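Step one of this worksheet: look at the structure below.
Quantities reported herein were computed from a predicted structural model and do not represent experimental measurements.
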Amino acid sequence: MLVCVSATIWNNYCKYITMPKKNLALLLIALSCIANVYSQSTVRVANNNAFEYGEKISYKVKYNLYFNIDVGEVDFDIANKPEVIAGNNCYHITGTGRTYGFYDPFYKVRDKYETYLETTSLLPLLFIRNVNEGKFSFGEYVIFNHTKSIAKSKKRTQTIPKLTQDVLSAIYYARTFDYTNAKPGKAYTLVAFIDDSAYTVGVRYMGPEVIKTDLGRVKCIKLKPILIVDRLFKSEEDMTLWVTDDANHIPVRIESGISVGKVQADLSSYSGLKNPMTSLK
């Protein structure tokens, strides 16, 4: 799932108008006005042993056409305390992507994704995306009502499958997958709401593997993300993901072949983990 966000941070093709801050404030006020109308915690009780408030993880992103070039960074942060929206305690999670200054003249990226993830069900209540890439900028929001299986975006209100995630919350829910008894080839799937459509995505378990990183040798679980085939991804499994083989399940490395060249993102720093980083050797 991290790869989906990392890739879309660099490769969004829909064009929206960037959301002004006052519109976000109006969204939050509207959600507050319907407080206690519904509670997402009654939809599902998820088992979360993977993350908590205050977690921060960062990645260095490399682009390889003929050789590796460090082109930017991706950061994921969970706020230090819950935010209450529509009567629900939420993790406020932010994902940001940016290119380095030297690369900006070629293709400048300043992207920000936010999700408000209800703490018991691990289902999103509100998703916000503001993207600035090259000459294009757009913004979107999605309000989720999981008791009624409805998602409201700037374009329309529509019915969605039960237990639908947004593209950012999907990363964190996927970290709760249990691979203890998994056999190579087993698929773990979920539904993600992306650009006003619901898609089945997930990961396929490939087995344990130790990889070398700038942080040291890391004992990992190797996964093949199940992707959406389009002009960005050539096939459903055109990507490889390694996550820590411990309770945190932090993505350590992502390698992806895209339409032109390859992208690799490597974990560069972490703090505020819920569990010790026992996979780092």
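- Side-chain contact check for Thr244 versus Met277: some heavy-atom pair is nearer than 4.5 Å.
- No donor-acceptor distance shorter than 3.5 angstrom exists from the side chain of Thr164 to the backbone of Val191, with no hydrogens or angles considered.
- A salt bridge links Asp195 to Arg129: at least one charged side-chain nitrogen sits closer than 4.0 Å to a carboxylate oxygen.
- Residues Ala46 and Ser121 come closest through the heavy atom pair CB-O, 3.6 Å.
- The existence of a salt bridge linking Lys60 and Asp70 is excluded, since no basic side-chain nitrogen approaches an acidic carboxylate oxygen closer than 4.0 Å.
- Of all heavy-atom pairs spanning Val263 and Val61, the tightest one is CG1-CG1, 3.9 Å.
- For the residue pair Arg110 and Thr99, a side-chain donor N or O sits within less than 3.5 Å of a side-chain acceptor on the partner.
- Taking the six-membered ring where tryptophan is involved, the planes of His146 and Phe144 are essentially parallel, since the angle between them stays under 30° and well short of 60°.
- Here Glu209 pairs with Lys222 in a salt bridge; the nearest charged N to carboxylate O distance falls below 4.0 Å.
- In terms of modelled atom types and a separation under 3.5 Å, the side chain of Asn248 and the main chain of Pro276 share a donor-acceptor contact.
- Between the side chain of Asp246 and the backbone N or O of Asn275 there is no donor-acceptor pair closer than 3.5 Å.
- Counted by atom type alone, Thr176 and Asn48 present zero donor-acceptor pairs between their side chains at under 3.5 Å.
- Judged purely by atom type and a 3.5 angstrom limit, Asn88 has no side-chain atom pairing as donor or acceptor with the backbone of Cys90.
- Scanning all heavy atoms of the two residues, the minimum distance from Phe51 to Lys274 falls at O-CD, 3.4 Å.
- For Ser197 (side chain) and Ile194 (main-chain N/O), no donor-acceptor pair under 3.5 Å exists by modelled atom type.
- A donor-acceptor contact shorter than 3.5 Å links the side chain of Arg204 to the backbone of Gly185.
- Put simply, the side chain of Val252 reaches to within 4.5 Å of the side chain of Ile211, judged on heavy atoms.
- Judged by distance alone, with hydrogens and angles left aside, the side-chain atoms of Arg175 form no donor-acceptor pair with the main-chain N or O of Ala170 at under 3.5 Å.
- Under the ring pair (Phe, Tyr, Trp, His ring centres under 6.0 Å) criterion, Tyr53 pairs with Tyr91, sequence neighbours left out.
- Closest approach of Met239 to Pro225, counting heavy atoms only: O-CD, 3.4 Å.
- For the pair Glu73 (side chain) and Gly97 (backbone), a donor-acceptor distance under 3.5 Å is absent.
- Ala151 and Phe193 make their closest contact through CB-CZ, 4.1 Å (heavy atoms, listed as atom of the first residue, atom of the second, distance).
- With hydrogens and angles disregarded, a donor-acceptor distance shorter than 3.5 Å links the side chain of Tyr188 to the backbone of Asp178.
- Salt bridge absent: Lys262 and Glu255 never bring a charged side-chain N and a carboxylate O closer than 4.0 Å.
- Of the possible donor and acceptor atoms, one in the side chain of Gln165 sits under 3.5 Å from a partner among the backbone N and O of Leu122.
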